[in-house]
Each structure stands twice: as C-alpha cells, then as structure tokens.
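Keep in mind that this is a model prediction, so the values were computed, not measured. Letters A, B, ... mirror the listed sequences (proteins, then strands); counts begin at 1.
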Amino acid sequence: MNETILTPQELIDRFTRTFGDLVSDPRIQIRAEGAKKNPNTNIWMTITRDILKPAISMLKEISYPHLSVISGWDVGEELRMQYIFSIYFGERHGEYMVIFTVPLTKGDLVLPTITDIMPGALFTEREKQEMFGVTITDIPDGRRLFLPEDFPEGVYPLRKDETGIPDTMVKHLWEVGRPTNRPVPPVTEKEEEPKDDPEEKTVKNKENPSPEAEAKTDE
Amino acid sequence: MLSMDVILVTILAAGALSIIGIVVGLILLGIDRRISARMQARIGPPLRQPFIDLKKLLSKENIIPENAIPSLFNAAPIVALASSIVVLLYLPIGSMMPILGGYGDLILVMYLLAVPALAMVAGGFASGSPYATVGAQREMVSMIAYELPLASIVIAVAWLLYSSGIADPFALSSIVANPIWSLVGPIGMVGLFVLLLTFAWVSPAELSKIPFDTPEAETELAGGVLVEYSGKNLGLFTIAQGVKTLVMGGLAVAIFFPWNLSPLLGLAGYAALAVDAVFFFAKVILLMILSVTVIRTGLARFRITHVVTLFWVWFGVAGLFGLSLVILDSVLAGWF
Amino acid sequence: MSDGTPTKKAPYVVPIGPIHPALKEPVQFLFEMEGEVVKKADFAPGQTHRGIEWMGMHRNPVQIVHLTDRICGICGVTHSLAFARAVEQIVDIEVPARADYIRVIIAELERIQSHLLWAGVAAHELGFDTLFYLAWRVREESMDVIEYITGNRINYGLVQVGGVRRDIVPDQHPTIKKCLDGYRDLLGKMLNLFLNDTTISIRCKDTGLLTFEKALELSCVGPTARASGVVKDVRVDYPYSAYGDLDISPILPSAYGGGINGDVYDRIVVRLLEVAQSVEIIETCLKEMPDGPILWESKLPKLLSACKKAHGEAVGRHEAPRGECLHYVAMDGHEAPAMWKVKASSYSNLHSWIPMLEGEQLADVPIIVASIDPCLSCTDRVAVLRGVKRDLMTKEDLHRLSVEKTRRIQGC
Amino acid sequence: MALPMIREILAQVFKIPATNPFPARFLPPSVTEFLKKVGAGEATINPPVATPPRFRGKIVYDRDGCIGCNLCIRVCPAHAIEFIPETKRVRIYVTQCIFCSQCNDICPKGVLTMSPEFLLGTEDRFAESQIVE
C-alpha cells in the first residue's frame, strides 16, 4: 500500500501512463452537496477487457479497493460493464469512487473473473452471468444467483435486445381482472351536488394540510 | 391384601386427581404466560388461553409425516401424559397423602419424571425430520445433564431423614411429615438453601423452558422434538407439559415447603383438606413464577454446550456442596 | 461437551429456509453438520425476485422514486435517496441545502429504528424474547416520529428527485426532540441490558468471527465491516447530502472499550453506539438546518421533462443502516432510465456468511445469520413472472379445499 | 453472572403494559354483529390510535373539478389510475394504489387528496369501496 494520497488527476495519469491507449475517456465528476459544499469525487475510466485485471491490481497497489458492484448497461451495439470501486475509504472526506467501464461487443461477451484478486466479486459476477448473459471465465462458482432453476436458458432479464425478457413472459398484474363494463360516473362541471359516491362529500379539506395546524389539533 | 373398596376408591380418587391435575396444570401454563407477558410489558392472553388452545388442538387431525414411525410417533404423547399423571398421583397435595404413596417412593418419582422426556426423545426420533432428530439428541443430552444435580438433592433429603432415624427415608409421605428444615442445624440450613436454588434451576430444564429449551429452540430448530407434531398429539403434549409443571412445583413444595395451613387455622376433616389443597396450589404457583417464569423471561437461550457445563459443573458442584453441607451438619449434630 | 453430546460421524444435512422461524428473510441455507457443528455452509438467495430493476426501466424517475421506497420495508429512505442522488447527478440538479438536511434527519431516524429493529431480532434469535419486546417497544418512538414527519410508518415517500416532499417546520421540533431525549436516556439501559448480560455475552463473544482481512477481501459494508475493524462509512468518507457538513467519525467496536474481534458481540456494540451517534446527528441537523426551498423544482412536469432530456450515467450512494447502498443509473434521453442497477447493502455482506458460519454450532446459526442484518428483500431484485410449471391456486380453490377439510374433520 | 434483565422484568410486572389494546377485549363471536352493536351504542370499543397529521390513507377524488389532464396517470408508479375517455375523468383502484400521494402533488387542480381512512382490507379487489371514481 502506498501512503501518499493521489489526487484524482494523478490517479488518472498513473493509469494512462501505464496502460496508454487502453484507457480512454477518463473524467472526474465532482459534486458538492450540503450547506458547506464539501466536494465528493467520482473517477470514470473506460478500459479494455485485456487490462481489467492489471487495472484492478494497480488500484490495489494504490489503496485496497472496495468493490461495490459490477453493473452493466446494454447500449445496443455493445454491452458496457461498470466495475464500481471505491478507494481511500477511512479517510475523512477522502474517498474516491473509481468506475471502470469495460465495453464488450455483443458477439464476444466474455470477461475474466476477478475473484482471484477480489474474492468478494463472486456474487456480482454470478449475477452478471444470469442477468446479462456474459460468460465469466474461470468463475469458481457458476451457479445462478437470483433467478430460479426453471428460468429459461438464453433469456437475460437486463438485456435490451432479443435476448431480453420477451413480452410473452410479462404479465401486467394491474390489468388482471379489472372490470371492463363498469358504468361511467356522471360528471357535473364545477357544480357541487351530492353524488352516489359517498367519498365525494368529504372533499372539503384541501391537499397537504399544513402539518403545524393539524399537529396542534392532534396534541 | 387389598379390598375391592380400597381399589375402587383409589381408582376414583386417581381419576379425580388426574382431572384436577390437568386443569390446574393448564391454569399454571396460563398464569405463566400472563405473568411473563406482564414482565415484557405486554397485556398477554387471558388465563383460559391454554384451554382455548387445547380445545382447538384436540379438534384438529393428527398429521403423521411420511417418513415417521407411526406407532412410536403416536405413542410418545400418550406415554408422556400418562407418566406425568402417574407422578402426580405420588405427590401429596396439601394434607392429603399421595394416592399411590404406598407403592413407590422418591426414587420412583425421579424415574417417572424422566419418562416424559424420554417419550419426547422417542417421538422426536420417530418423526423422521432432521430438526426433530437434532432436538431429540439435545433433549437426551440435557436430560443426562440435569439428572446429576437432581440426584444430589434427592440423596441429601434421604440422607437427612435417614440420619434423623425416620423410617422410609425415601417415601414422600415421610418427607412431608417431617419438614427437612426442622431436621438440620445452621450449616444444614445453608446446604438446603443451596439445594433449593439448584432445584429452582433444574425445574426449567426439566420443563424445557428458556434458557434450557435447546431441544425445542424455536429459532434454530423450529420446535425441535415437537416440530412434526400437530393436532391431538400436540394437544396431549401440551397437557403433559401442564401436568409436568404442576408436578415439578408439587415436588418442590413437598420437599422444601411441606407446611400446611390447617393446623394453624385449627381446621380438620374435609375443610382442612380443601384449605390445604388450595394453599398447596398457591405455593406451587408462587414457586413456578419464581423458578420458571422469571428465569425464562429474563434470560437468553443457552447453547447445548452451556447447558451441559452449567449442570455438570456449576449446579453439579452446587448440588454436591449442598449435599455435603447437609451431611456435615448431621455428622456435627451426631457429635454434639 | 465431550461426553454428553452425541457425535454422529456421518455428516448430515440440515436445510434452513426459505421459510423458517429463524429467518425473517427468504433465503435457503444448506448446512452439512457433524454433530452440532456446521462443517460446510451454502446458501441460495433469490427466493423472492420481484424484478424491480426491470420494472424501473419501464417507468420515469418520479415513479421509480416510489418504487425504490418499496425495495425494502425497513430502509424506506435509503434506496430512494441513493436513486435520487444518482438522477440528480445525471440531470445536474442542485438540491437545496435545506432538503439535504431533511434527508439526513430522516435517514438517521431510519438508522435508529433499523438498528433497534435489528437489536430486537438479534435478541429473539438468542431466545431472549423479553429483550426483543423491549427493543421493539423502544423502536416505536422513532417510528412515531417518522410517521409524524412523513405521514406513514414505512414507505415514507419523502424523497423526491431534487429534494424532499415535506418540510420539517419549527412546530415539529419539540416532538422530535422529546423522542431524541428519550433515546439519550434509554441508551445506557440498552447498553447495559445487551452488553452486560452474561447469557448474551457467552452466546455472542467469539461467535461468527469475521477477520479484518476477510471483511476487506469480501468487500463487506456497514456495521458488519466496521465490527471487523474496516474503517468504512460512506457518511464520513464521501461527503454527500448534509453529511459533509457534520463532524462525525465511523464507529468501531473499540469505542466501547474492548478490542476489535469481529464477532457478533462487536456487531451489537457497533449498532447500539450508532443509535447514539444518530441521535446526535439529528440534533445537530435540526439546529443547523438552513432556510430555503425544499425542492429544486416543485412543478413535477418540469422535473420530468428535465429528466427526459438528460444523458449520462451516475452512481448514487448512501450509507444505509446496513452499510453502503448504491444505485447505478444510466439515462439516454428517454422517460425511463436506460439502466438501473440497485446494489443493496446486504448484497455486499451475504458473502461473509460462509466464513462466519463454518465451524460454528448449529445453535448459533440464527444469530450469526442475523448479525449482518441481512435484508434479502433489498438484495433479491430481478424476477419475471411465469405461470408455467407452478401450481396456481386461486382464492376460491383454497377456500373450497379448507371447507372440504373442515367438513371431513367434523364428520358432517 | 450478571443478569440485568431480571431486575428490569421484576420492575415491569408492576407497570402498565405498553401494548395498544385490541378494539374488543375478547374476540366477539361475530365481528359484524359486534360492530353493529357498537354502532347502536350497545357496546364500546377501544378507539384506534389516531393517525398522524400527514397520514396518507385512502385517496379522495373530486371528479367535478378534474380537467382530465392525465398527469396523475403519468406519475402513478403502480398503474392504479385508469383514464375514462368518455368523460375525460379517471378511475382509481385503491387495491393497486401504493399511497405515495404523488398524484396529489402533480394534480394542477388539486382534486386528489389523501384521507386518513386506513381500514381498507377486503376480499374483493374490485369491491365498490375499492374503486374511487
């Protein structure tokens, strides 16, 4: 572990220096919230699949990273996998989020497992296999994680192409059993008169009553 | 030889006492639940709740699991109930002498007390469920564990009566007739007090209550030995549990608090019997609240290893310590 | 336990779950046992998939905020806050400072009720129902305040993209303060009851050990990680909402005087002390809450069209009672987000069950499982409804069957 | 052996329980009969705990003030609101409502409100009481 804390730019420089063109589109997203506007830092980098493991190892050399999750985004022609890490936790206001985006072409959805360097990744790698149809090579436990045993093969719920959820598998529960022949209630424009629905009469107090007023009556 | 009359009276009395025992036992369960609820800042169920539960259980059918041994599975609750009732018949209720007093003594009672637990073990193994199997194993282990302190209490009492020159030192009638506290000096008093405390901790174990309810351990074994029981069988176990609660309380009263109210009030005959019986049940309720309800409400469940350590090491030592104090006392009394 | 315990040499399998009294959550465990000792543990989550992410990808952000409320019944604000923060970053919304403070107040109230809920569950798993009732009774106070502020006990519906929906007005302060003062008085009693009780400490000390290295490797979060000595608290490390304005530090079990063992006991310590910390945070926030609006845009149609125009991806995080909760959102110019990924806190912690459980006693399984405060409703997210191969019974079927059976039993 | 709970429970026995009592002390043989009696003043019930000021209960809809703008349908997360094309009004299925009150917020005319009514349980999802229109 390295004791000196890198600035976000230094961190990116280190990656671009080591991996050259294989790291692209680095950006630092800084956001300040609250009254004092203390900034928090997110670092995004797009890397190729080949340097995924070296990049994580390098992150490990800088500071032991915490892997939050691997996410994915089906953008149509390719699948972008986001490896969401955070480093420098334990430093007050000093944590960086480091997000590696790994683009994969639809024809070649293979990723190496990172469980040998980050054992905690197993869960999320299993999930990526079943949800996105990505093959994780050398995964120590390739079972399904969330999907049931009888879920059809070749359907990946979070994909947006033809391997995603087909409409035939979707049941809109809210539509089920709704009465279709219900008579339409009469409408009187801007007139107050008693209706068949008893609810109507109670519409007196306007929406979102001020809590203080009601609080007083309540106590 | 026994005459027909005596046998008939004995049978009638036994029947009556069994019914009273069951009713009082269920009331005891109700009181326990109510008091425990109050301790937990809840309102709790009405006192008759065990009766309501029982009525419902008895109206339901028995479900026997596929891989159970039906004969053993069904016999277990009956054996458990029968043996608890039999123990009751050996207990003096107030000034009424035990109905079966002539046919057995404290040693027999100790054996009979183990029978319901054994029945539960058998029923658990016969259930064919892994939970019940684990529960039955634990039940055996805890049974073995609490027998040692229980035995030291019995031995101490018998020794005391024996050394005081009382005939039939193991018979419950002689124990009741000679309150043990009157037979000892100050050292013996301390010894008996230690034994009383030990008995207070053995009772919840004998009744499988928290912290010793490892065989049933709801959160890990989902009811353990009883997991597969339902309907009438479970109802029988519930009754057995009630009667057993009464028996443990009754035993404690007989050994440690045998005094009656009637001599004090100058009553005799049936009035004395009735007053003493009520007083007896009051003592049982009080003892049960102290040794079962308070303990089960105020403690977390032990691991089975803790149960073994507690009874073999701590209460084993406590029991033997109490026993040796009692012996020491009577030896000293012999010297002076 | 040498002589007493039966030692069955052949390992046998004890299944626990998906429905089991020890588990308030649907997950299935398989334990290979030797006697009373767990030799090998395995588990299968995913017993209750609901497909919330998929549902979200067909709805607009304003709808999703309410969907996120319902990911978990206990973390009523956690997910909506994390999601709202992610969307705010994509759309580039600046949340009014007052809204940030209200968000923190409600998040900390949630931490109090969640930790107390957990404390109760833990006590119940230990077979200590009295403590369970006590903890839950005490928890009601915070539930009442949450109800008082938001309107409902769970599913608060407080967070909106760009702020919060309801203000905390000065008239409400006395009620909140009264509750906080109550907690301050109670905490000593709770600590005493939980930490000084012999029956609890013999069950919890050195049980379910998770070493520092394992916790780091398995990317554990929240009190589970902190109890093992991993200093990680998003509230401190990563200034967001009003947390950046506060002077707080992560709570480690050493704060209670002892060392850091990473056992169940330490997890109790961390959670109880965090309740105290939350009380302080709420007090500070109430005091320092700036004036101003509570929403970036109170006209929802405007907010919706701003969201529709946005392109990009962002990560929103929040330190939930159970640890870091993370939402990844990508938007590509449609009403609905292009991608929505929910990483609940328990998702990161479930892994730690295996090293914790192996080698432990069966009796300790419930408390170890509960000790990470698992929330599988948060973790199980994706599912698709399919009627095939399942016996579906309608209400009428069930009613008919029960009537038949009652008749059979009663013999009429 | 320290058992701090024992002291606690012994003190608690003499205190009033914290539980909210049930409406009736014991389960009446027939709930409907009992409620009728209560209505007629022949029996009393323990009153329910009051709802808080901002409580979100069953939705209330002022049909006449509605302008049929459809915004509520757009933000309803649960698809609980249905458009009636004939009159350009909406119909709300309370069993599908998730009580987020988002439609209240977006309604330009303020015709949707949340009432404090919460006893909504029923067996029929589409019972008359479960449809607001």
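Contacts of C:K189 with chain D are made by side-chain atoms alone, with heavy-atom separations under 4.5 Å and no backbone atom involved. For C:Y156, the part sitting under 4.5 Å from any heavy atom of chain D is the backbone (N, CA, C, O) and nothing else. Looking at C:L131, both its backbone and its side chain come within 4.5 Å of chain D, counting heavy atoms on both sides. For C:R70, the part sitting under 4.5 Å from any heavy atom of chain D is the side chain, from C-beta outward, and nothing else. Heavy atoms of D:I98 lying under 4.5 Å from chain C belong to its backbone as well as its side chain. When heavy atoms are compared at a cutoff of 4.5 Å, C:D197 approaches chain D by way of both its backbone and its side chain.
Considering CD of C:Q160 and CG of D:D105, their distance stands at 7.5 Å, rounded to 0.5 Å. The structure places NE2 of C:H66 at 9.5 Å from SG of D:C76, a figure rounded to the nearest 0.5 Å. Distance check: C:Y133 OH to D:T19 OG1 gives 9.5 Å after rounding to the nearest 0.5 Å. Interatomic distance, C:L300 CG to D:C107 SG, rounded to the nearest 0.5 Å: 11.5 Å. Note: C:R153 CZ to D:F55 CZ = 10.5 Å, rounded to the nearest 0.5 Å. The distance from the CZ atom of D:R56 to the CG atom of C:N155 is 7.5 Å, given to the nearest 0.5 Å.
A salt bridge links C:E335 with D:R74: at least one charged nitrogen is closer than 4.0 Å to a carboxylate oxygen.
Formation of a donor-acceptor pair under 3.5 Å by the C:R166 side chain with backbone atoms of D:R54 is found in this model. Judged by distance alone, the side chain of C:R59 and the main-chain N or O of D:P77 form a donor-acceptor pair under 3.5 Å.
Between chain D and the residues C:T150, C:V65, C:L67, the largest count of heavy-atom pairs under 4.5 Å involves C:T150. Contact tally against chain D (heavy-atom pairs below 4.5 Å) for C:L134, C:I202, C:I149: the top residue is C:I149.
Within the 4.5 Å cutoff, the side chain of C:V62 has no heavy atoms near those of the D:I106 side chain.
Under the 3.5 Å distance criterion, with hydrogens and angles disregarded, no donor-acceptor pair is assigned to the side chains of D:Q102 and C:Q63.
At most 12 non-hydrogen atoms from other residues, nucleotides or ligands lie less than 6.0 angstrom from NE2 of C:H334. When the shell of 6.0 Å around CZ of D:F83 is examined, it contains more than 12 heavy atoms from other residues, nucleotides or ligands.
In terms of heavy atoms, D:P52 sits closest to C:G151 at CG-O, 3.5 Å.
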